[in-house]
There are 2 protein chains.
Amino acid sequence: MSLATDTTDQLTLYKRIRADIENRILTGEWPPGHRIPFEHELVARYGCSRMTVNKALSELAQADLIERRRRAGSFVRRPQHQSAVLKIADMRAEITALGRAYGYELIGRKLRAATAADRDRLGVKKAAKVVAITCRHSADNVPFAVEDRLIDLASVPDAATADFSREPPGSWLLHHVPWTEAEHTISAIVADDRTAEALDIAVGAPCLVIDRYTWRSARTITAVRLLYPGDSHRLVARFKGG
Amino acid sequence: MSLATDTTDQLTLYKRIRADIENRILTGEWPPGHRIPFEHELVARYGCSRMTVNKALSELAQADLIERRRRAGSFVRRPQHQSAVLKIADMRAEITALGRAYGYELIGRKLRAATAADRDRLGVKKAAKVVAITCRHSADNVPFAVEDRLIDLASVPDAATADFSREPPGSWLLHHVPWTEAEHTISAIVADDRTAEALDIAVGAPCLVIDRYTWRSARTITAVRLLYPGDSHRLVARFKGG
DNA sequence: TTGACTTATATGTCTAGACATATAATCGTG
DNA sequence: CACGATTATATGTCTAGACATATAAGTCAA
């Protein structure tokens, strides 16, 4: 089997080298732990300069496919933990992406000094002002999810005056506070009276719960709880890895 | 404000350049759409060769923080969709990572020709042989999740003879069929009699359901349904992005 | 056998060039 | 004005070197 003739693509050299090695790893020809040829060997094999193979190997290392160790060489990494990329677009995008009509309804909005429960939810210690928002998202006029959100005004003062009667707080935040980090907790509950009514489902029906806690460089921004009807299978995540 | 004096870290030059630009983007100083200085400008500013700033910019482009356009320049990208990295380790790792004792119990294992339902679950059309496995994972002797799995023997013939009485099929597969792709569907149900008994919870209690469908280069491998007690908040996902 | 020192070596970073290539901007023409 | 041809330019890739640095492996003494 030749090295690089299976795909006669118009690839640049370093991309071909990278693809060659990637294929060997993905097909299992070079299993985890296997030592990749040294850079100087690849240089000889492909007849190019070391910078070129270095670029290919560096990208493979960045993708966690190989591990590079000084003096020792480069090695195929063992499959990492399966990690799924869960796309949680903002609700409007999520629903319109499904080809359904997006509907939004503000149920409640309150500006208040943080209660003990608020502080706990946001993970802050000192007293602060917060906005509490409850709203509902619907798809084709059917309830899709209810949202219960807390925004820390110390981090996002503009949220005090923002008009959430038309624009969902998630979309608003996405445009005003980019590049955040977040932590998600996914769980299931059975609907209580209030939830059942909001989602138009039966009391005792299963609900999917996503708690998302968002911050930005150690500053809390918002905590949100999303409730979905449990039978809807909407959190689809694809992942690559092994 | 100086360019690179805030962090006097022992970083290599290209990493410092990358960090400088990244900071400017993350702080909002350079908002989406902003044009990054041209390579030759950065060369002048940092007093280095073009390959060095090119490496910094290439990595930022790989990380989707900037977009590079020939002749036009490099531009700060608008925040992508929030995407969460959902780590779904194999169950043993997941439980031991929590510092709890892992327990495994095979409940049933059947080798059979695929039924219509099996084919549907696996997403294959032609008849095939499958292994159906039901098992339970426990943490500190408390039921943690029940697993209901189907393995396509056409793709993984070894699974026919593998001993799943000691080793969970997930771990086994992870070691025998690396580098797969998968799709997850997350939903919620209420426990029926069988589920309630298996998880040692009340009938009607909420359960979190993860359906994972795994393939490898267009070949179906396995379909698994995991049932967790709904109150356990174990699917924690952190994400970065905006 | 163990620990400290030395050496060899593979990777990490960097340079000062080069040519390729896509494309924004300009210029000319109908 | 519209449209096609030309040009300028920023990025993309590549080279043939260089020195730095971490570390596996070998060496030697206690």
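Note: hydrogens, waters and symmetry copies are ignored here, and every other heavy atom, side chains too, is used. First the proteins, then the strands, lettered A, B, ... as listed; each starts at 1. The structure displayed is predicted, hence computed values, not measured ones.
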Practice task
Have a look at B/Ser74 and say if it touches a base, only the backbone sugar-phosphate, or nothing, with a 4.0 Å heavy-atom cut-off.
Solution key: sugar-phosphate
Problem - Presence of B/Lys55 side-chain N/O under 4.0 Å of C/dC14 phosphate oxygens OP1/OP2 - result: no
Practice task
Using whole Å, report how far CE of A/Met51 lies from P of C/dG17.
Solution key: 16 Å
Problem - Nucleotide-resolved protein contact map, nucleotides 18-27 of chain D, B/S/- at heavy-atom distance under 4.0 Å - result: B--BSBBS--
Practice task
Remember a base hit wins even if backbone is also touched, and classify B/Leu57 as base, sugar-phosphate or nothing at under 4.0 Å, heavy atoms.
Solution key: nothing
Practice task
Could you tell me whether B/Glu67 and B/Arg77 have a side-chain N and a carboxylate O separated by less than 4.0 Å?
Solution key: no
Problem - Between D/dA10 (C1') and B/Ile66 (CD1): distance, integer Å - result: 13 Å
Problem - Heavy-atom check, side chain of A/Leu42 versus side chain of A/Ile21, under 4.5 Å - result: yes
Handout entry: Cationic N near anionic O, under 4.0 Å, A/Glu39 to A/Arg45
Key = no
Exercise for the section: Quickly work out the A/Glu67 CD to C/dA10 C1' distance and round it to whole Å. Expected result: 14 Å
Fill in the blank from the handout: note: B/Leu60, atom CG; D/dG12, atom P; distance rounded to Å ~ 12 Å
Exercise for the section: Please state how far atom CG in B/Asn54 lies from atom C1' in C/dT13, giving the value in whole angstrom units. Expected result: 14 Å
Problem - OP1 or OP2 of C/dG17 under 4.0 Å from side-chain N/O of B/Ser49 - result: no
Fill in the blank from the handout: Sequence neighbours excluded, the answer for side-chain contact (heavy atoms from CB on, under 4.5 Å) partners of A/Tyr102 is A/Met91, A/Arg92, A/Ile95, A/Thr96, A/Tyr104, A/His137, A/Pro168
Handout entry: Residue pair B/Val76 / B/Leu65, side-chain heavy-atom distance below 4.5 Å
Key = no
Problem - Distance-only side-chain donor-acceptor flag, A/Ser74 / A/Arg69, under 3.5 Å - result: no
Practice task
Find the distance B/Arg35:CZ to D/dT9:P and express it as a whole number of Å.
Solution key: 14 Å
Handout entry: A/Asn54 side chain reached by A/Tyr14 side chain, heavy atoms, under 4.5 Å
Key = no
Problem - Nearest-angstrom distance from the residue atom OH of A/Tyr14 to C1' of D/dT13 - result: 8 Å
Problem - Phosphate OP1/OP2 of C/dT15 contacted by B/Thr52 side-chain N/O (<4.0 Å) - result: yes
Problem - Electrostatic pair B/Arg225:B/Asp148 at N-O distance under 4.0 angstrom - result: no
Exercise for the section: Specify the separation, in whole Å, of atom OH of B/Tyr46 and atom P of C/dT13. Expected result: 17 Å
Problem - Residues B/Glu41, B/Arg35: salt bridge by 4.0 Å N-O rule - result: yes
Practice task
Using five pairs at either end of the helix from C/dT1-D/dA30 to C/dG30-D/dC1, determine the angle between the two local helix axes and round it to 10 degrees.
Solution key: 20°
Practice task
Indicate whether OP1 or OP2 belonging to D/dT13 is found under 4.0 Å from a side-chain N or O atom of A/Lys15.
Solution key: yes
